[in-house]
K.L.:
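Before we start, here is the structure in question, set down as structure tokens.
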Number of protein chains: 2
Amino acid sequence: MGITKTEIFTDQQNQVATFAKAFGHPARVAILQHLFKIKACICGDLVDEIGLAQPTISQHLKELKNLGLIKGSIEGTSICYCIHTENWAAMKAVVSEFLNQDLENKSNCC
Amino acid sequence: MGITKTEIFTDQQNQVATFAKAFGHPARVAILQHLFKIKACICGDLVDEIGLAQPTISQHLKELKNLGLIKGSIEGTSICYCIHTENWAAMKAVVSEFLNQDLENKSNCC
DNA sequence: TATTAATATTGCAATATTACGATAAATAGT
DNA sequence: ACTATTTATCGTAATATTGCAATATTAATA
């Protein structure tokens with residue numbers, strides 16, 4: 001049905017999935033990488049930097065902002081986006097815990 | 001258009017996105033966690049463990065297998081799935097590099 | 001070989017995502 | 001106030017994803 005049954009999963013599982021979904025598109029990966037690289041936060045040269053139309057970039061930015069991973073502040077007519085470092089760290093903690101799981105014992109079949 | 005323009009991104013960006021998409025659904029997060037937890041690899045009790053229909057679980061397993069994150073071996077009539085540890089480590093390296101980016105300088109606006 | 005058990009595949013309906021043109025909203029400068 | 005610039009929103013088309021019932025496949029066992 002295209003709808004995810006979030007009710008049957010734990011909060012932690014849903015959180016990992018939600019954050020991971022944010023990185024599940026190369027445009028958002030590219031946006032975040034650019035914001036990390038450019039020390040000063042960047043506004044809409046993202047549209048030039050990445051090869052997508054302005055409304056598309058704006059939409060991706062909105063998703064990242066809704067998740068709290070970036071924040072934007074008005075600079076005249078343009079808007080300055082940057083990484084929300086505290087929230088990024090929090091997200092990283094959740095996702096890293098998932099990624100860094102270890103096999104307790106060696107598996108006995110595969 | 002629902003179609004992602006992968007051509008305009010780097011291989012690394014597409015890789016991060018592809019792996020992240022695998023974790024972008026709580027069912028797949030749950031499946032992977034269960035495979036990590038249960039030392040011996042598990043077959044189709046995943047259907048009982050997680051509350052989704054058998055075809056749905058089978059589909060999620062297929063995606064994870066296609067990405068190389070899990071592997072399955074036939075055990076009689078059932079199939080034994082487990083984490084593909086080498087590939088998991090490789091994935092972790094790619095995703096971690098993305099997550100662990102650091103801001104070079106403090107941002108000057110937000 | 002017929003039956004049973006476990007998993008995979010097919011087909012389909014519902015919803016989500018991606019992308020962009022057109023347009024609106026906000027602000028700066030004239 | 002008018003214009004230009006920048007970003008957001010709306011509307012819509014195309015594609016992707018999720019989920020499951022029905023069915024097929026595979027392997028063990030009677």
Side-chain angles (χ1 to χ4, degrees), chain A residues 1-9 13-14 17-31 34-35 41-67 70-82 109-110, chain B residues 1-9 13-14 17-31 34-35 41-67 70-82 109-110:
Chain A
M1 312 181 167
I3 193 169
T4 297
K5 288 191 166 179
T6 51
E7 332 85 58
I8 66 174
F9 302 104
Q13 287 163 344
N14 283 317
T18 302
F19 284 133
K21 214 184 284 187
F23 312 139
H25 194 288
R28 290 190 291 268
V29 171
I31 287 173
H34 195 70
L35 290 181
C41 42
I42 230 50
C43 354
D45 351 56
L46 286 164
V47 175
D48 304 325
E49 189 68 25
I50 302 167
L52 293 171
Q54 179 266 323
T56 309
I57 297 292
S58 190
Q59 196 173 301
H60 284 305
L61 286 169
K62 189 180 177 185
E63 284 178 59
L64 292 172
K65 200 168 64 177
N66 286 344
L67 262 178
I70 63 175
K71 51 186 171 178
S73 60
I74 301 172
E75 293 282 304
T77 70
S78 49
I79 293 186
C80 189
Y81 281 106
C82 63
C109 51
C110 311
Chain B
M1 311 182 169
I3 191 170
T4 296
K5 289 191 164 179
T6 52
E7 332 84 59
I8 66 174
F9 302 103
Q13 288 164 342
N14 283 316
T18 303
F19 285 133
K21 214 183 286 186
F23 312 139
H25 195 288
R28 290 190 291 269
V29 171
I31 288 173
H34 195 69
L35 291 181
C41 41
I42 228 54
C43 353
D45 351 54
L46 285 166
V47 176
D48 304 325
E49 190 68 25
I50 303 168
L52 293 171
Q54 178 266 323
T56 309
I57 296 293
S58 190
Q59 197 175 301
H60 285 305
L61 286 169
K62 188 181 178 184
E63 283 178 59
L64 292 172
K65 201 168 65 178
N66 285 345
L67 263 179
I70 63 174
K71 52 186 171 177
S73 59
I74 301 171
E75 294 279 307
T77 70
S78 49
I79 293 186
C80 189
Y81 280 106
C82 63
C109 50
C110 311

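By convention in this document, chain letters (A, B, ...) are assigned in the order of the sequence lines, proteins followed by strands, and residues within each chain are numbered from 1.
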K.L.:
Between P on C:dT7 and CD1 on B:Ile50, what's the gap in Å once rounded to a whole number?
P.N.:
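That distance rounds to 13 Å.
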
K.L.:
Quick one, which residues of residues 18-26 of chain A touch DNA chain C with a heavy atom under 4.0 Å?
P.N.:
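When residues 18-26 of chain A is checked for heavy atoms under 4.0 Å from DNA chain C, the hits, listed by number, are A:Lys21, A:His25.
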
K.L.:
Can you name the closest pair of heavy atoms from B:Leu35 and B:Tyr81 and give their distance?
P.N.:
CD2-O, 3.5 Å

K.L.:
Given C:dA6, D:dC20, D:dA8, identify the nucleotide with an atom nearest to the side chain of B:Ser78.
P.N.:
C:dA6

K.L.:
Tabulate below the donor-acceptor pairs under 3.5 Å that side-chain atoms of residues 52-59 of chain B make, not counting sequence neighbours, or state none.
P.N.:
none

K.L.:
Let me know the distance between CD1 of B:Ile42 and C1' of C:dT7, rounded to the nearest Å.
P.N.:
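The answer, rounded to whole Å, is 15 Å.
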
K.L.:
side-chain contact (heavy atoms from CB on, under 4.5 Å) with B:Ala30: which residues, sequence neighbours excluded?
P.N.:
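Partners of B:Ala30 under the side-chain contact (heavy atoms from CB on, under 4.5 Å) test: A:Phe9, A:Gln13, B:Ile50.
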
K.L.:
Could you state the CG-P distance from A:Leu64 to C:dT17, rounded to the nearest angstrom?
P.N.:
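The answer, rounded to whole Å, is 13 Å.
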
K.L.:
On DNA chain D, does the nearest nucleotide to A:Ser58 precede the nearest nucleotide to B:Gln54 from the 5' side, or the other way round? Give the residue.
P.N.:
A:Ser58

K.L.:
Reading DNA chain D from 5' onward, which residue's closest nucleotide shows up sooner: A:Asp45 or B:Thr56?
P.N.:
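Mapping each residue to its closest nucleotide by heavy atoms, the 5'-most match is A:Asp45.
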
K.L.:
Please classify the nucleic acid contact of B:Ile57 as base, sugar-phosphate, or nothing, using heavy-atom distances under 4.0 Å.
P.N.:
nothing

K.L.:
I want to check one thing: is the phosphate of D:dA8, taken as OP1 and OP2, less than 4.0 Å away from some side-chain N or O of A:Tyr81?
P.N.:
yes

K.L.:
Side chain of A:Gln59 only, please: which of D:dG19, D:dT9, C:dC20 is the nearest?
P.N.:
C:dC20

K.L.:
List the protein contact pattern of nucleotides 25-30 of chain C with one symbol per nucleotide (5' to 3'): B for base contact, S for sugar-phosphate-only contact, - for none; contact means a heavy-atom distance under 4.0 Å.
P.N.:
--BS--

K.L.:
Please identify each residue that fulfils side-chain hydrogen bond (donor to acceptor under 3.5 Å, both in side chains) with A:Glu63, with sequence neighbours left out.
P.N.:
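side-chain hydrogen bond (donor to acceptor under 3.5 Å, both in side chains) check on A:Glu63 returns A:Arg28.
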
K.L.:
Please figure out whether A:Pro55 or A:Arg28 has its closest DNA chain C nucleotide nearer the 5' end.
P.N.:
A:Arg28

K.L.:
Could you state the atom-to-atom distance from NZ of A:Lys5 to P of C:dA16 in whole Å?
P.N.:
15 Å

K.L.:
Nearest whole angstrom, please: distance from the P of D:dT7 to the NE2 of A:His60.
P.N.:
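Result: 16 Å.
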
K.L.:
What is the distance from CG of A:Leu61 to P of C:dC20, rounded to the nearest Å?
P.N.:
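Interatomic distance, CG of A:Leu61 to P of C:dC20: 14 Å.
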
K.L.:
Please determine, for the side chain of B:Ile3, which listed nucleotide (D:dA16, C:dT18, C:dA16) has the closest atom?
P.N.:
D:dA16

K.L.:
With B:Thr18, which residues qualify under side-chain contact (heavy atoms from CB on, under 4.5 Å), at least two apart?
P.N.:
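B:Thr18: side-chain contact (heavy atoms from CB on, under 4.5 Å) contacts with B:Leu67.
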
K.L.:
For A:Lys62, give me all partners under side-chain contact (heavy atoms from CB on, under 4.5 Å), at least two apart in sequence or on another chain.
P.N.:
A:Asn66

K.L.:
Under the ring-ring contact (aromatic ring centres under 6.0 Å, His included) rule, collect the residues that match up with B:Phe19, sequence neighbours excluded.
P.N.:
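Once residues adjacent in sequence are excluded, B:Phe19 has no partner under the ring-ring contact (aromatic ring centres under 6.0 Å, His included) criterion.
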
K.L.:
I would like to know whether A:Leu61 and A:Leu46 meet side-chain contact (heavy atoms from CB on, under 4.5 Å); could you show each step before the answer?
P.N.:
CA-CA 10 Å; A:Leu61 286 169; A:Leu46 286 164; 3.9 Å; yes

K.L.:
The criterion is side-chain contact (heavy atoms from CB on, under 4.5 Å); which residues satisfy it with B:Glu49, sequence neighbours excluded?
P.N.:
B:His34

